[in-house]
*Asks:* 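Handing you a structure now.
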Amino acid sequence: MISFENDYVAGAHPQVLKRLMETNLESLSGYGSDPYSESAKAKIRKACQCPDAEIEFLAGGTQTNLVVISSVLRDWEGVIAAKTGHINVHEAGAIEYTGHKVLALPHKEGKIEPEALKNYLESFYADETYPHMVFPGMVYISHPTEYGTLYSLKELTQLSEICRSYHIPLYMDGARLGYGLMSNGTDVTLPDVARLCDIFYIGGTKVGALCGEALVFTSGNMPQNFITSIKKRGALLAKGRLCGVQFDALFSDDLYFEIGRHAISTSEELKNIFHRKGIPFYLESPTNQQFVILTGSQMEVLKRQVRFSFWEKLDNEHTVVRFATSWSTTEDDLEYLEKILSFESARS
């Protein structure tokens, strides 16, 4: 059985695991006050070209989104997101559980269009009854999106300008940021993200770490006593070294970016395999996630030998499924998949 189910099917990249083992017996202070966490923060600031960035490490993506959004928003504010955004669909109401509404906007292939955001904000403040409504207090985007699409530098710049004109922060969910940055189809760099977003996180869980996300506040805008807010929400790791050591490894010798490049390279080959076998795409992504359309019979046969993710029903006979690559995807995995698909093509 091979797996393209997601980009965290394996544990940690061997170099990350090696550093965890090498530092395992060291006695270190807790809660992220260890030298490895400080070293990782310095390396991230350098990579972002943002020397004044304030950085904290959290364990997972939903946890990070919940902590950020509930700590930054005031009690009468909500967060704008695409209708397909992770916080609106696949986080089990975590944001709403904190008392903040997700204000869902229409999307285009998972992205919020700048014009749609501008129109929403203009319409909100043009409504004389807006004091009785949930105020838009933040804009949430993910890069890549849930559909593996990417914001262009122009789109990201426009979103940033709109948010700053309304004095609301632009927050980027970077769970798969490494794959977005290394995509052949992007013109956005990590320094661009740091320059245009007020808050973002660099995903580790889905990009080579056992767990962990590096949360970055770019302009002295970290909420006061933020560590206390993290702990109040049950998200402060006593063994903060766990994230610090991993991110110190990920941002040494460009490992984070090498992991991204490998996943993109194997995803491009995955696309080629689907093209050669005549399997139609629902959406051909420039990142490590590919969305293809399978018949019911194709799904049942493939499930016996390959793991992949259900995405959505297209119609009664067809389903959109997702295949994802990662640092652990091998040429053997790809060759095996092509053999299975060749066999099925021959049978049909």
Side-chain angles (χ1 to χ4, degrees), residues 8 11-73 94 98 169 171-175 177-178 190-191 193-194 197-257 259:
Y8 45 98
H13 188 281
Q15 286 178 240
V16 173
L17 202 57
K18 181 172 179 285
R19 287 300 291 145
L20 285 169
M21 290 296 294
E22 289 172 347
T23 60
N24 187 51
L25 296 180
E26 293 185 31
S27 297
L28 300 172
S29 296
Y31 306 109
S33 58
D34 61 277
Y36 296 106
S37 295
E38 289 305 312
S39 175
K41 290 176 184 180
K43 290 175 181 177
I44 290 171
R45 291 187 189 103
K46 183 177 179 181
C48 292
Q49 296 178 16
C50 189
D52 297 324
E54 299 170 283
I55 301 166
E56 293 296 340
F57 299 111
L58 291 99
T62 296
Q63 179 192 73
T64 303
N65 289 334
L66 181 154
V67 170
V68 170
I69 293 169
S70 62
S71 297
V72 171
L73 291 183
T98 68
Y171 169 47
M172 178 185 285
D173 179 328
L177 184 58
L190 186 55
V193 172
C197 295
D198 300 285
I199 314 163
F200 69 97
Y201 75 87
I202 301 170
T205 302
K206 296 175 180 176
V207 194
L210 281 173
C211 65
E213 327 297 331
L215 176 62
V216 183
F217 290 85
T218 61
S219 54
N221 55 335
M222 179 182 283
Q224 187 177 7
N225 301 319
F226 188 58
I227 288 292
T228 307
S229 293
I230 294 174
K231 187 158 192 174
K232 180 181 179 181
R233 290 157 176 80
L236 187 63
L237 276 178
K239 294 182 180 178
R241 64 191 285 163
L242 176 64
C243 291
V245 170
Q246 291 184 93
F247 273 94
D248 194 48
L250 287 170
F251 278 83
S252 296
D253 302 319
D254 287 333
L255 177 60
Y256 189 77
F257 304 103
I259 287 171

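Heavy atoms only: backbone and side chains are in, while hydrogens, waters and symmetry mates are out.
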*Asks:* May I ask you to test the L242-L20 pair for a side-chain heavy-atom distance under 4.5 Å?
*Replies:* yes
*Asks:* Please work out which of the three classes, parallel, tilted or perpendicular, describes the rings of F257 and F251, given edges at 30° and 60°.
*Replies:* perpendicular
*Asks:* Would you mind reporting whether V207 and I202 have side-chain heavy atoms less than 4.5 Å apart?
*Replies:* no
*Asks:* Go through T23 and R241 one step at a time and tell me if the side-chain hydrogen bond (donor to acceptor under 3.5 Å, both in side chains) criterion holds.
*Replies:* CA-CA 9 Å; T23 60; R241 64 191 285 163; 4.6 Å; no
*Asks:* Give a yes or no answer on whether the side chain of R19 reaches the backbone of Q15 with a donor-acceptor pair at less than 3.5 Å.
*Replies:* no
*Asks:* Parallel, tilted or perpendicular, judged at 30° and 60°: which one describes the rings of F247 and F57?
*Replies:* parallel
*Asks:* Taking the side chain as every heavy atom from C-beta outward, state whether S229 and V67 have any pair of such atoms under 4.5 Å apart.
*Replies:* no
*Asks:* Between L177 and Y256, is any pair of side-chain heavy atoms under 4.5 Å apart?
*Replies:* yes
*Asks:* Out of curiosity, S37 OG to I55 CD1, how far, rounded to the nearest 0.5 Å?
*Replies:* 11.0 Å
*Asks:* Measure from the side-chain N and O atoms of Q246 to the backbone N and O of C211, and report whether any donor-acceptor pair falls under 3.5 Å.
*Replies:* yes
*Asks:* Quick check on N24: does its CG atom have over 12 non-hydrogen neighbours (other residues, nucleotides or ligands) under 6.0 Å away?
*Replies:* yes
*Asks:* Report yes if some heavy atom in the side chain of K18 is under 4.5 Å from a heavy atom in the side chain of H13; otherwise report no.
*Replies:* no
*Asks:* If you define the side chain from C-beta out and look only at heavy atoms, does anything of V216 sit under 4.5 Å from C50?
*Replies:* no
*Asks:* Taking the side chain as everything from C-beta on, heavy atoms only, tell me whether L190 gets closer than 4.5 Å to F200.
*Replies:* yes
*Asks:* Heavy-atom distance under 4.5 Å between the side chains of L28 and P35, does that happen here?
*Replies:* yes
